[in-house]
Amino acid sequence: MPAREPGQDFIRDIVTSDLAGGRHKTVVTRFPPEPNGYLHIGHAKSICLNFGVASEFGGHCNLRFDDTNPAKEEQEYIDAIERDVRWLGFDWGDNLFHASDYFERLYEWAEVLIKAGKAYVDDQTHEEMRANRGTLTEPGRDSPFRGRSVDENLDLFRRMRAGEFPNGARVLRAKIDMAAGNINLRDPVMYRILHAPHPRTGTTWSIYPSYDYAHGQSDAIEGVTHSLCTLEFADHKPLYDWFIDNLPVPSKPHQYEFARLNLDYTILSKRVLTQLVRDGHVSGWDDPRMPTIAGIRRRGVPPEALRAFAASIGVARADSRVDYAMFEHPIRELLNKTASRRMAVLRPLKVVIENYPEGQVEELDAINNPEDEAAGSRKVTFGREIFIERDDFMEVPAKKFFRLAPGQEVRLRYAYFVKCTGVVKDASGEVTELRCTYDPETRGGNTPPDGRKVKATLHWVSAAGAVPAEVRLVNHLFANPNPDAGNFAAELNPNSLEVLTGCMLEAAAVASNEAAPMQFERQGYFVRDRDSTPGNPVFVRTVGLKDSFARAVAKG
RNA sequence: UGGGGCGUGGCCAAGCGGUAAGGCAACGGGUUUUGGUCCCGUGAUCCCAGGUUCGAAUCCUGGCGCCCCAGCCA
């Protein structure tokens with residue numbers, strides 16, 4: 001057996017040894033979403049695992065829709081899922097399947113079990129079934145219909161298929177063990193009557209297989225070798241194996257479970273996410289605050305960064321909750337190397353440079369990305385009136401505040417040193433304008449001949465070159481790091497979205513219509529949003545820059 | 001009280017009987033025309049208690065704690 005590579009996870013260990021031991025010649029995995037909602041970051045973990053393992057070991061991964069419950073599934077979700085998996089960077093080639101592709105075969109196999117005396121039609125009501133299932137500590141009781149003859153079961157099951165009975169009138173159950181400690185083995189339902197049109201099979205079926213009955217057999221039909229799912233399905237594994245062992249399936253897949261993702265400040269529950277959308281707590285499935293792949297994409301996170309995140313959290317069996325910084329880190333790491341820098345003043349404070357000639361305007365060189373020389377440079381226009389960030393000025397500077405204050409000198413990035421000489425206030429005492437002087441010898445932001453140093457460099461935008469825009473600051477959707485999904489509405493962060501209007505951006509920030517991520521210097525990474533209009537460009541903050549000053553201030 | 005699973009530094013996570021990787025975060029320090037980046041440095045004896053062994057996070061026994069399961073959802 002080959003030595004284990006450090007950093008590999010237990011799934012890859014199993015695949016490695018299965019291949020080395022000759023149990024399998026190739027590896028086949030599958031990503032099996034139910035099209036009843038949008039994919040979220042937890043699914044991204046699973047997608048990266050399934051497609052990643054397959055490609056690393058030279059196998060392939062199927063995209064299979066687990067479409068066994070037409071009451072909840074919709075075409076919109078099918079389309080969204082395909083789009084999101086592709087965007088994440090994975091390709092299923094020709095391996096696109098649906099559990100519904102196998103409905104006929106699954107039906108035939110159900111008759112196989114009936115004929116073998118291993119499945120029966122139960123007429124009990126929903127309530128009776130529940131009452132007879134027993135509890136966690138008490139065994140269940142056999143259904144009065146458990147002893148039906150094979151012929152009667154066959155007849156009834158065929159009539160269920162023919163649509164002779166109303167919804168819920170009967171079910172087909174596997175005959176296993178009503179006293180099993182594992183409740184999944186207490187004669188689980190294989191088929192229920194459901195007169196509902198299916199997105200793919202239309203009205204041809206009036207019975208639909210359950211997850212337990214459909215999943216393993218679908219894996220077997222597709223030749224899946226390693227069926228990876230989350231921990232809550234561990235209890236289903238004996239049932240998964242029971243069907244495989246009792247049916248003439250073409251291959252014998254094995255199920256392995258790993259811990260699902262939990263992320264601070266987010267809820268990864270399709271039920272809750274659906275509710276957030278339906279109740280209008282967010283603007284849609286792709287609201288940038290949503291943990292959906294669509295939301296994350298719209299927020300400007302590149303797919304490589306999402307994949308790097310998935311790789312960084314690993315795969316294991318221990319329940320865990322991932323620190324939000326783990327999500328932000330790979331985004332910053334990637335964008336730092338790739339995003340063009342631009343200057344944008346989010347909360348403008350006007351500054352008049354008194355000794356700069358009135359009416360004069362000049363172009364200064366600004367580097368696009370100090371981490372990437374090939375990104376080149378651009379021109380930014382400078383003039384007598386500029387805007388700086390309100391937060392970059394304090395009339396009475398706090399300790400360790402190095403930015404602008406009366407009498408204090410700072411550098412304007414790529415421009416000049418300026419010193420604050422005056423403050424203009426309105427009737428209410430609010431600062432509305434600053435008066436400064438500049439030092440012509442510091443052009444380009446260079447240190448002056450006298451070697452004078454300055455402790456801060458500010459970003460700025462000239463009034464002459466500014467383009468007004470709207471900027472949306474996206475924050476945690478939930479205020480609590482570990483929000484209660486059962487009471488999610490009360491957990492919402494009232495400040496999850498800050499919409500800033502009247503922001504001033506340098507022209508280059510809006511020159512391109514494409515949604516390439518940009519760094520607004522000293523602030524964070526932003527992308528142009530699709531809500532932009534010709535007169536009102538809109539940007540969304542992907543993630544802020546680390547801010548050790550803010551941290552120090554917060555600590556006091 | 002039945003069945004299944006899990007417990008390694010604040011968080012994630014390696015470790016597979018030979019004397020605790022790595023990443024994130026935090027905190028110091030250096031560089032810096034982004035209080036960004038980058039660079040350097042700082043922290044655990046492995047849930048607890050016994051046992052086996054020359055040697056245990058790794059094996060055994062007994063506790064304790066946490067998670068999942070009683071849908072005709074997946």
Side-chain angles (χ1 to χ4, degrees), chain A residues 4 6-9 13 32-34 36 66 68-69 71-72 122 124-126 129-130 133-140 167-173 179-186 188-194 207-208 210-212 214-215 229-238 257 259 264 270-271 311-330 332-333 336-337 341 343 366-367 370-371 400-403 411-415 417 442 444-447 454-459 519-524 544-553:
Chain A
R4 181 183 189 287
Q8 266 204 181
D9 52 72
D13 286 349
E34 182 191 13
N36 66 344
D66 230 325
T68 57
N69 185 2
K72 292 185 175 175
D122 195 346
Q124 290 184 105
T125 63
H126 210 318
M129 268 187 68
R130 191 187 336 113
R133 185 153 32 232
T135 69
L136 294 178
T137 54
E138 302 157 22
N167 287 353
R170 296 178 222 266
V171 293
L172 181 72
R173 293 228 254 172
N182 181 340
I183 289 176
N184 294 112
L185 262 19
R186 320 243 260 230
V189 170
M190 294 169 56
Y191 274 92
R192 72 277 207 182
I193 297 170
L194 219 198
I207 56 173
Y208 291 93
S210 63
Y211 163 85
D212 284 308
H215 204 92
C229 62
T230 43
L231 246 29
E232 63 268 29
F233 290 98
D235 285 342
H236 296 243
K237 186 169 182 173
E257 312 88 21
D264 277 355
K270 274 201 203 171
R271 195 201 106 244
S312 76
I313 58 176
V315 179
R317 288 181 68 88
D319 290 319
S320 62
R321 169 162 288 274
V322 174
D323 191 319
Y324 201 79
M326 288 277 278
F327 173 63
E328 298 186 316
H329 175 74
R332 291 197 187 101
E333 187 177 46
N336 175 51
K337 295 190 185 101
R341 270 83 227 234
M343 292 199 283
I367 292 166
E371 308 291 321
K400 300 251 184 101
F401 182 84
F402 305 141
R403 283 110 92 152
R411 170 176 14 243
L412 295 179
R413 179 145 237 227
Y414 301 124
F417 281 20
T442 57
N446 292 311
T447 303
V454 106
K455 287 176 114 172
T457 298
L458 308 188
H459 62 279
Q519 182 194 103
F520 287 171
E521 294 221 21
R522 301 210 300 136
Q523 302 192 111
L545 249 31
K546 283 211 260 183
D547 187 346
S548 58
F549 176 66
R551 212 187 301 131
V553 169

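Any value given below was found using the heavy atoms of this structure, including those in side chains, with hydrogens, waters and symmetry copies removed. Naming convention: chains lettered A, B, ... in sequence-line order (proteins, then strands); numbering from 1 in each chain.
Applying the 3.5 Å distance criterion, the base of B:rU34 shares a donor-acceptor pair with the side chain of A:R341. For B:rC72, its base never sits under 3.5 Å from the side chain of A:N167 at any donor and acceptor pair. Put simply, the side chain of A:R403 and the base of B:rG35 share a donor and an acceptor less than 3.5 Å apart.
Of the side-chain N and O atoms in A:R321, none sit less than 4.0 angstrom from OP1 or OP2 of B:rA13. Distances shorter than 4.0 Å separate none of the side-chain N or O atoms of A:K546 from OP1 or OP2 on B:rG35. Note on A:R173: every side-chain N or O is 4.0 Å or more away from OP1 and OP2 of B:rC72. Note on A:H459: every side-chain N or O is 4.0 Å or more away from OP1 and OP2 of B:rU34.
The local environment of CG in A:L231 is crowded, with over 12 non-hydrogen atoms from other residues, nucleotides or ligands closer than 6.0 Å.
Here A:S320 lies in heavy-atom contact (under 4.0 Å) with sugar-phosphate atoms only. Contact annotation for A:R170: no contact, since no heavy-atom pair falls under 4.0 Å across all strands. Using a 4.0 Å heavy-atom criterion, one finds that A:T68 contacts the sugar-phosphate atoms exclusively. A:R413 comes within contact range of at least one nucleobase, with a heavy-atom separation under 4.0 Å. In this structure, A:V189 reaches the sugar-phosphate backbone alone: every heavy-atom distance under 4.0 Å involves primed, P, OP1 or OP2 atoms, never a base. Counting any heavy atom pair closer than 4.0 Å across all strands shown, A:P370 reaches a base atom. Within the nucleic acid shown, A:Q519 comes within 4.0 Å of at least one base atom, counting heavy atoms only.
Of the residues A:R522, A:H459, A:Q519, the one that meets the side chain to side chain contact (heavy atoms under 4.5 Å, CB included) test with A:R341 is A:Q519.
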Report, one pair per line, the protein and nucleotides 29-32 of chain B atoms (nitrogen or oxygen only) whose separation is under 3.5 Å.
none

Quick one: which protein N/O atoms are closer than 3.5 Å to N/O atoms of nucleotides 3-7 of chain B? Pair and distance per line, please.
from	atom 1	to	atom 2	distance (Å)
B:rG3	N2	A:D235	OD1	3.2
B:rG3	N2	A:D235	OD2	2.8
B:rG5	O3'	A:R317	NE	3.4
B:rG5	O3'	A:R317	NH2	3.4
B:rC6	OP1	A:R317	NE	3.3

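Taking A:R173 as the reference, A:D122 meet the salt bridge (Lys or Arg N to Asp or Glu O under 4.0 Å) condition, with sequence neighbours excluded.
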